[in-house]
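In what follows, chains carry the letters A, B, and so on, assigned in the order in which the sequence lines appear, proteins first and then strands, with residues in each chain numbered from 1.
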Amino acid sequence: MEIYNTFTRSKEEFIPREQDQVSMYVCGPTTYNYIHLGNARPLVFFDTVRRYLLYKGYKVNYIQNFTDVDDKIINRAREEKMDPLALARKYIEEFFADSDALNVMRANIHPKVSEHINEIIELIEYLVAQGHAYQVDGDVYFAVRSFADYGKLSGRSLEDMQAGARVEVDLRKKDPMDFALWKGAKPGEPSWQSPWGNGRPGWHIECSAMAHKYLGDGFDIHGGGYDLIFPHHENEIAQSEAAGHKPFARYWMHNGFITINQEKMSKSLGNFFLVREILDKFPPDVVRWYLLSTHYRSPLDFDDEKLAVAGKGLERIKTAVRLLYEAMAFPASDGEAKTEAKAFEERLSSLRNEFEKAMDDDFNTALATSVFFELAREVNIFVGSAGRISQRDKDSMEKAHLLIKDFNSVLGVLRKIKQPANFCWRQMVQMTS
RNA sequence: GGCGGCAUAGCCAAGUGGUAAGGCAGAGGACUGCAAAUCCUCCAUUCCCCAGUUCAAAUCUGGGUGCCGCCUCCA
């Protein structure tokens, strides 16, 4: 199995840290609003990665955090006259409502910043002690110059970044690129006691602290959107590796963006669609199928028509499954197997190979979905071919059924495959004639 | 200014050296009381343009053009 590693910018053979177990950390949302489609892509994609690893027989330890302490939460809470942590809790629940709808498995652990303040403080203290961080007033900054490898993930040097720096320079910092590990409390903000006075963690430090706590050093896969490569993941590496947790993560995976008219969907551009708005118009399995219909590193353009097309495609799969169920529900007759049975079964196993080959190649879900279409066609042909259905034919159908279930255990698009409730009389006649 | 990505049929989209998957739409046919569904056939001599490497390139190299992203919170 090969994974494209952002760190080396190439596909690499995937060799987990432990033979039978894979450790994954996927950056979760800052919970100050309902999630939008752009948030849903990594959710669904990395869920599919996890499902495929499970399919391959690995145990997967999957961690996804919630950033529940953050400027945006504080601002939003102020607007709504709510307690920031209560607001964050509310949107965590709403997050689960959406992700459950999209058939995303819950992480093994969903750590929250607010519940890991001690771990964060310990990590910062260590960085300060090692000379990688320094205190200014009530704040603590990471000294990027103290970490020689700074920029190694995003492929840029500190010098490159100086040139285009658009940030206003905080003169208290030793280097303009130094970033906050700890922010001194301002009135009315949630804060915790620390060696540097009351305050709260900066954005990046949480992932370093929580990933280390739950997965240890050198865990297997760290995932998130492309826009997290810099500065978020770059900073995570700096913090963790400067603290001796080296390497921090081994495979870095980043998904491409959802676009609207070819432009990035983002909160700052205001061109985003909430998952629940979309779910008002389209079934969740269609949204999931649509998200998986393009390779995860490519941009994926969104509009209603594209979802409608995805819906038609998924319908084709579902029809095949329904026809298979109907045939399997039909009483077996005595006699020989269909002459096609053997070829059908051979075809099934080659389709399984194709599916695995696609997924083994950096999780090529687009190719995998096309294999699902081919499976649908084979099923339709076999089920529709003339002749009685013998017990032997039913065995073949059971094999197809198993393959469908396996594909679906990875793609997660057939939440509930309809049983043959509205059994079609004509097909029954046709199949017996 | 620095760094990176993408460009494949009407649309979506796989495909990193061996002669263009799959889906949607469209055309014809089979089946069907009609329809739906399903099946069969057709639908890119060609992969943005130019040059080069090679027996062979959508795939590699160089040069263009166009679009997008990161460098600031963002999945």
> Using a cut-off of less than 4.0 Å, is there contact between a side-chain N or O of A:Lys264 and OP1 or OP2 of B:C74?
Replying inline: no
>> OP1 or OP2 of B:A37 versus the side-chain N and O atoms of A:Arg316: is any pair under 4.0 Å?
In response: no
> With a 4.0 Å cut-off on heavy atoms, is A:Asn364 in touch with a base, just the backbone sugar-phosphate, or nothing at all?
Replying inline: sugar-phosphate
> How about A:Lys342: does its NZ atom have over 12 heavy atoms from other parts shown lying under 6.0 Å from it?
Replying inline: no
>> Only pairs with both distances under 3.5 Å count, Watson-Crick or wobble alike; so what is the partner of B:C24 in this structure?
In response: B:G10
> Considering Watson-Crick and G-U wobble pairs with both distances under 3.5 Å, what does B:U32 pair with?
Replying inline: none
> A:Trp203 has an atom CH2; how far is it from atom C1' of B:C74, in whole Å?
Replying inline: 7 Å
> Hey, does A:Thr319 reach any base, or is it just sugar-phosphate, or nothing, if we go heavy atoms under 4.0 Å?
Replying inline: sugar-phosphate
>> For a quick check of understanding: with a heavy-atom distance under 4.0 Å over all strands, which category does A:His295 fall into, base, sugar-phosphate or nothing?
In response: sugar-phosphate
>> Using the P atom as the point on both nucleotides, what is the distance between B:A57 and B:C47, in whole Å?
In response: 11 Å
> So, A:Tyr91 versus A:Asp68: side-chain donor-acceptor pair below 3.5 Å or not?
Replying inline: no
> For B:C74, does either OP1 or OP2 sit under 4.0 Å from a side-chain N or O belonging to A:Asn39?
Replying inline: no
> With a 4.0 Å cut-off on heavy atoms, is A:Glu305 in touch with a base, just the backbone sugar-phosphate, or nothing at all?
Replying inline: nothing
>> Categorize A:Gly256 for me: base, sugar-phosphate, or nothing, with a 4.0 angstrom heavy-atom threshold over every strand shown.
In response: base
> Base, sugar-phosphate alone, or nothing: which one does A:Leu269 contact when heavy atoms must sit under 4.0 Å apart?
Replying inline: nothing
> Would you say the side-chain atoms of A:Ser390 and A:Asp393 include a donor-acceptor pair closer than 3.5 Å?
Replying inline: yes
>> Heavy atoms only, 4.0 Å cut-off, all strands: where does A:Gly224 land among base, sugar-phosphate and nothing?
In response: sugar-phosphate
> Between A:Leu300 (CG) and B:A75 (P), how many Å, whole number?
Replying inline: 17 Å
> Can you check whether A:Arg377 has a side-chain N or O nearer than 4.0 Å to OP1 or OP2 of B:G23?
Replying inline: yes
> So A:Tyr296 and A:Phe45, would you call those rings parallel, tilted or perpendicular, with 30° and 60° as cut-offs?
Replying inline: parallel
> From the list B:A25, B:A14, B:G22, which nucleotide is the closest neighbour of the side chain of A:Ser298?
Replying inline: B:A14
> Toward the 5' end of RNA chain B, which comes first, A:Thr294 or A:Gly28, by nearest nucleotide?
Replying inline: A:Thr294
> Which part of the nucleic acid does A:Phe257 contact within heavy-atom distance under 4.0 Å: base, sugar-phosphate only, or nothing?
Replying inline: base
> Nearest to the side chain of A:Ser266, which nucleotide is it out of B:A75, B:C24, B:C74?
Replying inline: B:C74
> Taking only N and O in the side chain of A:Asn380, is any of them less than 4.0 Å away from OP1 or OP2 of B:C39?
Replying inline: yes
> With under 30° as parallel and over 60° as perpendicular, where do the rings of A:Phe95 and A:Phe66 fit, or are they tilted in between?
Replying inline: perpendicular
> Should the pair A:His132 and A:Phe142 be assigned to parallel (<30°), tilted (30 to 60°) or perpendicular (>60°) ring geometry?
Replying inline: parallel
> Could you give the CG-to-P distance, from A:Asp301 to B:C24, as a whole number of Å?
Replying inline: 20 Å
> Over how many whole Å does the gap from A:Leu323 atom CG to B:C31 atom P extend?
Replying inline: 19 Å
>> Tell me whether the side-chain N/O atoms of A:Lys306 come closer than 4.0 Å to OP1 or OP2 in B:C24.
In response: no
> Would you say B:G23 has OP1 or OP2 under 4.0 Å from some side-chain N or O of A:Trp289?
Replying inline: no
>> Does A:Arg41 reach a base, just sugar-phosphate, or nothing at all? Heavy atoms under 4.0 Å.
In response: nothing
